[in-house]
Protein chains: 4
Amino acid sequence: MEEQKKCAVKRIGVLTSGGDAPGMNAAVRAVVRTALYMGIEVVGIRRGWHGLINGDMYRMTAVDVSHIINEGGTMLYTARSDEFRTKDGRKKAYDNCKLFGLDGIVAIGGDGTFAGALALSTEYPISVVGIPGTIDNDIGCSHYSIGYDTAANTAVEAIDKIRDTMQSHERCSVIEVMGHRAGNLALYVGIATGATAVLIPEEPWDFEEDVAEKIRNARLAGRTHFMVIVAEGAKRKADGTLDNEVVGNGTAGHQVADLIRAELGLDPRVTVLGHIQRGGSPTARDRVTATRMGYVAVKALAEGKTNRVVVRYFGEIKDVDMVEALKQENRLDEEEKQVLRAMTFSF
Amino acid sequence: MEEQKKCAVKRIGVLTSGGDAPGMNAAVRAVVRTALYMGIEVVGIRRGWHGLINGDMYRMTAVDVSHIINEGGTMLYTARSDEFRTKDGRKKAYDNCKLFGLDGIVAIGGDGTFAGALALSTEYPISVVGIPGTIDNDIGCSHYSIGYDTAANTAVEAIDKIRDTMQSHERCSVIEVMGHRAGNLALYVGIATGATAVLIPEEPWDFEEDVAEKIRNARLAGRTHFMVIVAEGAKRKADGTLDNEVVGNGTAGHQVADLIRAELGLDPRVTVLGHIQRGGSPTARDRVTATRMGYVAVKALAEGKTNRVVVRYFGEIKDVDMVEALKQENRLDEEEKQVLRAMTFSF
Amino acid sequence: MEEQKKCAVKRIGVLTSGGDAPGMNAAVRAVVRTALYMGIEVVGIRRGWHGLINGDMYRMTAVDVSHIINEGGTMLYTARSDEFRTKDGRKKAYDNCKLFGLDGIVAIGGDGTFAGALALSTEYPISVVGIPGTIDNDIGCSHYSIGYDTAANTAVEAIDKIRDTMQSHERCSVIEVMGHRAGNLALYVGIATGATAVLIPEEPWDFEEDVAEKIRNARLAGRTHFMVIVAEGAKRKADGTLDNEVVGNGTAGHQVADLIRAELGLDPRVTVLGHIQRGGSPTARDRVTATRMGYVAVKALAEGKTNRVVVRYFGEIKDVDMVEALKQENRLDEEEKQVLRAMTFSF
Amino acid sequence: MEEQKKCAVKRIGVLTSGGDAPGMNAAVRAVVRTALYMGIEVVGIRRGWHGLINGDMYRMTAVDVSHIINEGGTMLYTARSDEFRTKDGRKKAYDNCKLFGLDGIVAIGGDGTFAGALALSTEYPISVVGIPGTIDNDIGCSHYSIGYDTAANTAVEAIDKIRDTMQSHERCSVIEVMGHRAGNLALYVGIATGATAVLIPEEPWDFEEDVAEKIRNARLAGRTHFMVIVAEGAKRKADGTLDNEVVGNGTAGHQVADLIRAELGLDPRVTVLGHIQRGGSPTARDRVTATRMGYVAVKALAEGKTNRVVVRYFGEIKDVDMVEALKQENRLDEEEKQVLRAMTFSF
């Protein structure tokens, strides 16, 4: 119990911000239990930065985080705060840190959440540590982000069901999965479901090469149903850009389906998985990763560190510099792309 | 094993037709195994009536139906056949009955499937028995239709996930479930998920009374997220009718969401569950019901009956006259409607 | 809202007693919301009759039952109370009814729970209504008991997984499911999973006829893995009785497995499903049935009825006389037994 | 498609051996599809080395591996072969390699499978590559083994259900999970479920310190139900060793439960998860990892490599020397142990 002695912080806050992700509750629980284990007090901040500005916070005990490790969503609620992007908003937030006596904050969310944390800690003497939580797994600095595994399994289970009926009817199916700017989820889910073709935002697609030929070859190889996985931000080569406002409402999926109907004479069904992917009881991997990240975050604060992000980097969970972390760009796994190419090749 | 002696049929065909439903495989399996148990041969007909017309059929053994009781979809494929609606089509179908030596047919599907079976048996000396299989549970003569329970559970599980994220973000959610003409599924799922409001095809909705007041009362009672379940065929009172061609693509759901946005200032998210509801490993109830119905269907043929539909009627599984059965109109459960009213009342 | 006027009760208590079952929370929620809808106050009694004796109870509002429709277990806890079986215990219980001003009680549980309720209402002027909640579905008066469908699906999903590995290894599997005195669950699950043989408490088994021949015939028909479903109270014909104290710990399953090993030279794996079957998020059917039963129970109290049990009887949900209800003996479905015989026949 | 040109092998075999694991089918599928993509023929060998010895093998096409990515178990069956451990057995195996014209083999299984492969390739001119597939994740050379994620999620879902009923009854639960010699799964599952205590084979347990104090502290902190996760090979400190023959049948779990009953006066329920953990549709992670490993295995053979094992090592999937790989000992994750200590600390 040596950890309980030499803590650089006495009372820390924890919040979830940005889009919610399954496993955020497990992370909150780990922050609370690790802090108490180390003799640090914990304050739960509701609705992200918004709650810090408005003093919407309360002291948390071990009992408060009982029975939440297996719950989707976030018990602390989440919200986006425009006010926190202003100097004035951050001033109010820091005033509450003083009032409540917080000397550290664990902020669970995505790049935007980290940028907010960094702004606060740059302007005021408060330590911050970020934990990546977003189902898109598109945070450049970390190979893993809480919620991704649950979202992927939810998508895979839904697509398995769709496959049942596509097979019975010998039909073509177009399924739109999450991913405005990042194709990680689409690529992963495409491999896991044995998709006929996968379209992602990073690589504008050509109908003839990326869709029609894939379907034709599968048909020639004897298959009679086809599944095309489309990330919501996937763009057609010719088009240049998709209208961003409508992204995520099936625009990308319907565009592909319309072409399949027009060019191949099939009658594809479009399914937009949407918000189903954001919820659900977290998987074992998300629970364990969230727990480990919560532990590392509090440990970093206890050791007097600030401006850190907890990442999974080549199999290790550790904290890295937040400024450096925010510079990292998200990348697709090159090996996964190669593997997909081999798997969607038909003969 | 007395059953094995006195069979009125020697070789029967089994087919699935119309939209597929989880549990159809369990029904096919039960037909095959019961027939073999009774000493009757079984021929599997692929792609519904289409396969009967084209002779797309094969002798089935017990091994053919191994490991399918837990599979969604239908191993016999399904299709809609325009040709079978013509006299000429049915002539070809009957010619194949003669060629293959079939004296009975078990047809698994919905009202359309039964109508086809009846036309065939009216024109030609072949015995037919129908088994209700459709996720809508909208077959008037039977209180239960294979696939309904699985579809309901799939919808409920998906909505549970959506609720997680709606709760985190304190948002409103509009979820469109299957049901062009029948609200049975929407009503059932609405009760099971604790919905704020449920809109069904049978009762055109009024925004103020059926949506706005429900949401307002829930908000006044302290709730901060709301779930509106909309059957795809639900129509607004003012509108009279929905454009049928677009039904099922989110039209009904988006119409409700747009009004919520305009009138209540909320920013609802729309999810169209779509074809997910059609697939998946069947639930215990669908497997057992399908098995029992398959057994009763073959028994009816063995006893020399024809033009029968196997139904669940007030807890009993039995066969009834097909002509009478087709006259029955689907009805909503009045008790469920009362219960929903009490459950969606807030204070 | 006519219902809200003429209520025979003003403040009712609700409790769960005996073994818990998935859907009990949905029933509690329905009792609370229906009561409030009708203008009746509700008091939640913790830990069954034990809580009534000790005054462990609190006023419930709509918010108290938010987000529990999808939770397994019971938020009111459950316990068995020896004290309530004594006159003295029931005196204390009734004293608390007077102190808290209760004029009616909804008791959710099994036959034992109903017997307790009846004793209380016989001795004191308090109205009682029972709701059947037990995963065994062994309550004679009702064709359905809350929790049964969830337990059956849990067992089926577990057995589907076991089948995967039995198939890979071409092995025999013995699976013990719940059921001390009643074989309903084993029979239902056996049909749903396509079991090779099913052994139930009501019909002492003969190894040669009920196990060995079933396995031999399946092997002769080309199958290489076998699944024997055993209810925990299934007894061997020769033995007369099983030692009751060890029932449920795999005794029945291991007895069968040992004989298979000795007589057939196979190396069966035994799995005892145990308490897994008691938990889990309730299925759509359990949620809807629980909600409807809760509604009917409160309505009965509001109408001035007492000593009623809410039952599902041939597809209808209604309240019946409790004295008559307790006289009914549990019976197996004869049709299910016939169907199982046909399905486990191999050739 | 450069890969398709320069292949060092022309026709390879693929087999699964040892205990089956979810994801093995996905690996077989990836081997077949990658080989065909590269212009290599594939032969499926049934029942592991046993099938190679007996010539139980057949040419596989893309169609053979359709619709198996989502299936648990292994379509190639698995078995343990004593004969293959003899020189004579391996001679027969190699003779079949010559007869069927195999110049490479992909062997999916555990350490024993790899040892067999190495023996064959040492004695005869045939290339071998291993893919780790075992739910225990106890293969020293690889941080991940196919099937582990599915097994962990199956255990977590089962324990979540048990928690529901433990909470309702305020009871103690002892759950035995897989792991004869390795505690990886127990540790991982213990963190994911928020266990009160976790006992593993690597660290003999002391009742007072590792069980009693954990439960007492949880009780003092206000909790009323407790979950102890026990790996089947966990040994009590005093005992030295467990009787190996009975391991996995609940021996370890019942030993702990008996002590809890005797020393703490609680009445714990024991659940042995057993073979449930071996089956089930593989998770997204197991499908993707299996697919990637299958791809790397064939690529290695195509490049002329032999005696390689495909591993996941700090986030990368690559092939390593088999001799070196077999020397690696399985280790528990030290960080996970620290995290568990913090999480099971109560106050």
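Chain letters run A, B, ... following the sequence lines, proteins first and then strands; every chain starts at 1. Computation of the quantities below employed the complete heavy-atom set of this structure, encompassing side-chain atoms and omitting hydrogens, waters and symmetry-equivalent molecules. Keep in mind the model is a prediction, meaning the values are calculated, not measured.
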Q: Working to the nearest 0.5 angstrom, can you tell me the gap between B:Tyr37 OH and C:Thr344 OG1?
A: 8.0 Å
Q: Looking at C:Asp160, C:Thr34, C:Ile317, which makes the most heavy-atom pairs under 4.5 Å with chain B?
A: C:Asp160
Q: Indicate the atoms forming the closest heavy-atom contact of C:Val288 with B:Ala192, along with that distance.
A: CG2-CB, 3.8 Å
Q: Can you tell which of B:Ala30, B:Ala26, B:Gly222 has the highest number of heavy-atom pairs within less than 4.5 Å of chain C?
A: B:Ala30
Q: Look at atom CZ of C:Arg216 and say whether more than 12 heavy atoms of other residues, nucleotides or ligands are closer to it than 6.0 Å.
A: yes
Q: Between chain C and each of B:His143, B:Glu336, B:Arg312, count heavy-atom pairs under 4.5 Å; write down the option with the most.
A: B:Glu336
Q: From C:Asn70 CG over to B:Ile159 CD1, what is the distance, rounded to the nearest 0.5 angstrom?
A: 11.5 Å
Q: So which residue, B:Val63, B:Thr289, B:Ile191, B:Thr61, ends up with the most heavy-atom pairs under 4.5 Å with chain C?
A: B:Ile191
Q: Using every non-hydrogen atom in the two residues, find where B:Gly194 and C:Arg29 come nearest and quote the distance to one decimal.
A: CA-NH2, 3.4 Å
Q: Which heavy atom in C:Gln338 sits nearest to a heavy atom in B:Lys299, and how many Å separate them?
A: OE1-NZ, 4.3 Å
Q: Using every non-hydrogen atom in the two residues, find where B:Ile69 and C:Arg163 come nearest and quote the distance to one decimal.
A: CG2-NH2, 3.7 Å
Q: Look up atom OG1 in C:Thr283 and atom CZ in B:Arg285, then write down how far apart they are to the nearest 0.5 Å.
A: 9.0 Å
Q: Check step by step if side chain to side chain contact (heavy atoms under 4.5 Å, CB included) holds for C:Phe314 and B:Glu316.
A: CA-CA 7 Å; C:Phe314 285 111; B:Glu316 268 189 302; 4.0 Å; yes
Q: For residues B:Asp333 and C:Arg292, determine if any side-chain heavy atom of one lies less than 4.5 Å from a side-chain heavy atom of the other.
A: yes
Q: Taking the side chain as every heavy atom from C-beta outward, state whether B:Glu335 and C:Lys318 have any pair of such atoms under 4.5 Å apart.
A: no
Q: Heavy-atom distances under 4.5 Å only: say whether B:Glu157 touches chain C with side chain, backbone, both or neither.
A: neither
Q: Are B:Arg287 and C:Val156 close enough that some pair of their side-chain heavy atoms sits under 4.5 Å apart?
A: yes
